[in-house]
Structures are given as C-alpha cells and as structure tokens.
Amino acid sequence: MIAAIGIFAYVTQLGVSNSRNWVLHSHQVSSQLQTLQTQFAGIRANALAYAESGDAGQLRVFHQRAAGISSQIENLQRLTVDNQRQQYRLAELRNLSGKYLTELDDMVVAPAPRDAVPPSEVNLIRDLDSQELQLDAVVQSMVNDEKMLANDRMATWNRLFRRYAVILALTFVAALLFLGYSFRLLVGEVARTQEMERMQRENVRSSRALSARVLELQDAERRKVARELHDSLGQYLVGLKINLDQLQASGANLDSAQALLLAETLDLSERSIAEVRTISHLLHPPLLDEIGFESAARWYAEGFAKRSGLKVDLHLSKIAERFPKEVELALFRVLQESLTNVHRHANAECVVISLACADGRAILTVQDDGRGISRAVVTRFRSGLASGVGLAGMRERLAELNGMLEVELGKRGTTVRAMLPTAERNVPADAPLQSSAV
C-alpha cells in the first residue's frame, strides 16, 4: 500500500513540476511579447527622429531595433512551437512586421525636407499608423492568449499541488500506522525473545542443577564403593592372606609343587590387597577428607607416575587454610580426569601440574608435551558444545561452583586450566612454590 502511494506521489510530483515549468514558460512568452510591443513603438520613434534631425545615432539605434525585432520573433516561434494558434499569429506578425520595417526603412533612407511634408509622406505616416495598430492588435491577442493559457496552467498546477499535498499527508499517516504496527510487532518479538531467554536460562539452571546432582550422587557412590572395597572385600582379602601365612608357617607336610602353589597364592593375595586399596583410594582418596587437596594431589601424582611411567612435575602454592570441601573435590576430580586423558590420548613424556592461589581464586593447571587434542574438539568445547564426557563433566562441575575450565593448544601438547573462587586466606603472591619432581 505504501509503495503504491509512493508511486502515485512520485507521478503527481512529476505533474506538479511539469505544470510549474509550463506556467513559467507562459510568463516568459508573455514577457517577450510585451517587449516586442515596446520595440515596435520605439523603432518608429527612432525613424521619425532621424527623419527630422538626420542624427546618425538615431539611425544606428533604428537598425539595432529592427534586427532585435526579427530575432525576437524567431525566438517566439521556438518558444511556441507546441502552440499551433500562436504559430499562425506569429506568421501573420512576421509578414506585418516585415512590411512595417520596410516602410520605416524607406522613410529613413529618404527623409522628408524639414520645411515641408509632401503628401506622399503624409500617406506613409497614415499607413504606418494603420500597420502599427494591426501589429499591436496581433501582439495583444497573443498576450491575452498566453495569459489565459498561463491561468489554466496555474490552475492545473494548484490542483496537482493540492493533490500532492494530500498524498503526502496520506503517506505520512500510512507511515505512522505502519510504524505503530511495526513497533507493536517489535514489542511482541522482544517479549517472545525475553521469554525464550528466560526459559533457556531456566533450562540451563535446571541442567546444571541436574549435572551437579548427578556429580554429587556419583561422588557419594564412589565414596560408598571405596568404603565397601576397603571395609569388606579388603578385610576378606586380609583374612585370606593371614590364613595363608599361618598355613605356610605351620610347616605342614607339603611337597615342592604344593609349597610353590602356596607361595604363588600368597603373592596373588598381596597383589589383590594392594590393588583393592589402590582402587579404593582412586575412587575417593581418604587423604582428601583427612588432610586436604595438597596431600591428595601429591599422593595421586606419585601413584600416576608409577603406573604410567611418565615424568610428573608438581608445583603447589602454599595454602594458608584448607579450601572448602566442594572446591577440593572439584580440583581433585579435574586433576584426576586430566591425567587420565593424558595417559590415554596424549602419548606424552612429561606432565607439569601447578596450583596457584591469588585474588581469592585457585588456579590448577595441567600441561603435557604430547600430541595434543584435536582443534575441532577444542572449537566445539569453546562454543559450549559437549566435547566428550570428561571435558563436559569437568566444565559442569566447575560451573556449579562459579568456576571455569579452559583448554589451550600449544605448539606441542595441551594445557587444561581450572579456575575456582575460594574463601581461603592466601599467602603473598611472591611466596616461593613447593616444587617436587616425581
């Protein structure tokens, strides 16, 4: 609708512009016709003045006005080329002016004596009067026609201008209505977007709450399984080893094969006890609850170095007070998962673990010199998409505690950095680190 009004307004504006140009054209033609009337009257005065005085200046002015009259008639013919009626009158005017100028020229060439006016001169003056009246009548009729034409064109111009003004007003009203409608749609869209964002935030909160609950249940189950392994299966294995030790110490009559079998069984029971104890501690290290993250991290790093054969450099900042339990558990799980990923995927030779405490934050960094993870995996992780259960789990665990997880690719190897806010009191930033190599 607005496009149609705009096109109609454009067409009307062109009509207004054309009408204005035609009005100006009519005024231009009228002005030149009035100038032509003045020149006809003036040229006769020049001719009579020269005839009476013989002044060469009057003769020069006469010839200039004669040339100007001819030039102006030609200009009028060009201006009124679209008006057939004016063209007929201009043709008549050209004939009359030619005859009029010829007779004036004859009078100038042969001026009458000053002491007497011959009868032929009197007749010539009468004839000039008659021709001048005819010329004036023709020019005046042309002027009247141009005035009428100018009035008609002015009326057309006013009519189109009023129409243009009405169209502009309608366009303005339509634009206001369209703007109001668009604003209403925009308000509705903003409301829908806000509602979707609110629902998305609710979903994120629900998802994080669910993830936190799952992790909490997982930790509780690990603690339970670790306790059961230690208290039940571990005790059974210890009892089995005690019985085997007693059997071996009793000096029973056993042949060499039976003695060898007994020794192997004792060795297997000792290994089973050690493996159950290791699994129990990996599920939930008792040092984490009893002493804190620092001791648990050292114990786990030493055990990881022995199991994997990798060199592990451990740098832990001095901690004035223990972290909250949930922070210690989150840091330990990040350390545990990071080292597990290094062992499984990195094909590394050395791992550097560092913990820095500053500005109320704990920053745990695990850096290896292996082949690094895929750039596509890092891109998906940074975009918020899940990139494996391990990375996603670490990120959700830290996010629940208002922390964050960063994964960086270097020239060689991968760096995993976990940052968590803490409530503990830290030593100055320039305090020396406790370093150890495993």
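Reckoned from all heavy atoms, side chains included, excluding hydrogens, waters and symmetry mates. Worth saying up front: this structure is predicted, and the values here are computed from it rather than measured.
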Distance from [X] atom [atom1] to [Y] atom [atom2], nearest 0.5 Å?
X: T340; Y: E337; atom1: OG1; atom2: CD; result: 5.5 Å
X: T415; Y: D368; atom1: OG1; atom2: CG; result: 7.5 Å
X: E406; Y: I363; atom1: CD; atom2: CD1; result: 9.0 Å
X: L405; Y: M394; atom1: CG; atom2: CE; result: 5.5 Å
X: L401; Y: E326; atom1: CG; atom2: CD; result: 6.0 Å
X: I273; Y: Q235; atom1: CD1; atom2: CD; result: 9.0 Å

Measuring only between side-chain heavy atoms, which start at C-beta, is [X] closer than 4.5 Å to [Y]?
X: V352; Y: H315; value: yes
X: R361; Y: L420; value: no
X: L331; Y: L335; value: no
X: L266; Y: D245; value: yes
X: R333; Y: R397; value: yes
X: R198; Y: R201; value: yes
X: V143; Y: Q140; value: yes
X: S269; Y: L244; value: yes

(request) Using the ring of Y300 (Phe, Tyr or Trp, six-membered ring only), decide whether R307 places NZ or CZ under 6.0 Å from its centre and within 45 degrees of its axis. (result) yes
(message) Run M199 and M196 through side-chain contact (heavy atoms from CB on, under 4.5 Å) and show every step you take.
(response) CA-CA 5 Å; M199 293 178 63; M196 290 179 63; 5.6 Å; no
Tell me the closest heavy-atom pair linking [X] and [Y], and the distance in Å.
X: H343; Y: S308; answer: ND1-CB, 3.4 Å
X: A362; Y: T422; answer: CB-CG2, 3.7 Å
X: D313; Y: C350; answer: OD2-SG, 4.0 Å
X: L76; Y: Q87; answer: O-NE2, 4.4 Å
X: I353; Y: A301; answer: CD1-CB, 4.5 Å
X: M404; Y: L398; answer: O-CD1, 3.5 Å

Return yes if some donor-acceptor pair links the side-chain N/O of [X] with the main-chain N/O of [Y] below 3.5 Å, else return no.
X: D369; Y: G413; value: no
X: S295; Y: G292; value: no
X: N151; Y: K147; value: yes
X: R371; Y: A348; value: no

(request) Could you please spell out the steps behind the salt bridge (Lys or Arg N to Asp or Glu O under 4.0 Å) verdict for E195 and R192? (result) CA-CA 5 Å; E195 180 64 20; R192 284 192 293 272; over 6 Å; no
(message) Between E408 and R417, is the salt bridge (Lys or Arg N to Asp or Glu O under 4.0 Å) condition met? List the steps.
(response) CA-CA 8 Å; E408 297 179 358; R417 184 176 296 107; 3.1 Å; yes
(request) Give the C-alpha distance, both sets of side-chain angles, the deciding distance and a yes or no for side-chain contact (heavy atoms from CB on, under 4.5 Å) between V416 and T365. (result) CA-CA 6 Å; V416 177; T365 304; over 6 Å; no
(message) Go through it in stages, so that I can follow the logic: the residues are R298 and L316, the test is side-chain contact (heavy atoms from CB on, under 4.5 Å), and I'd like the CA-CA distance, side-chain angles, deciding distance and then a yes or no.
(response) CA-CA 9 Å; R298 291 185 182 281; L316 300 179; 4.0 Å; yes
(request) List the steps, then state whether side chain to side chain donor-acceptor pair (under 3.5 Å) holds for R344 with N341. (result) CA-CA 5 Å; R344 290 179 179 176; N341 290 337; 5.4 Å; no
(request) State plainly whether the residues K241 and E270 are in salt-bridge range, i.e. N to O under 4.0 Å. (result) yes
(message) L329 vs F293, test: side-chain contact (heavy atoms from CB on, under 4.5 Å). Steps then yes/no.
(response) CA-CA 8 Å; L329 181 58; F293 173 77; over 6 Å; no
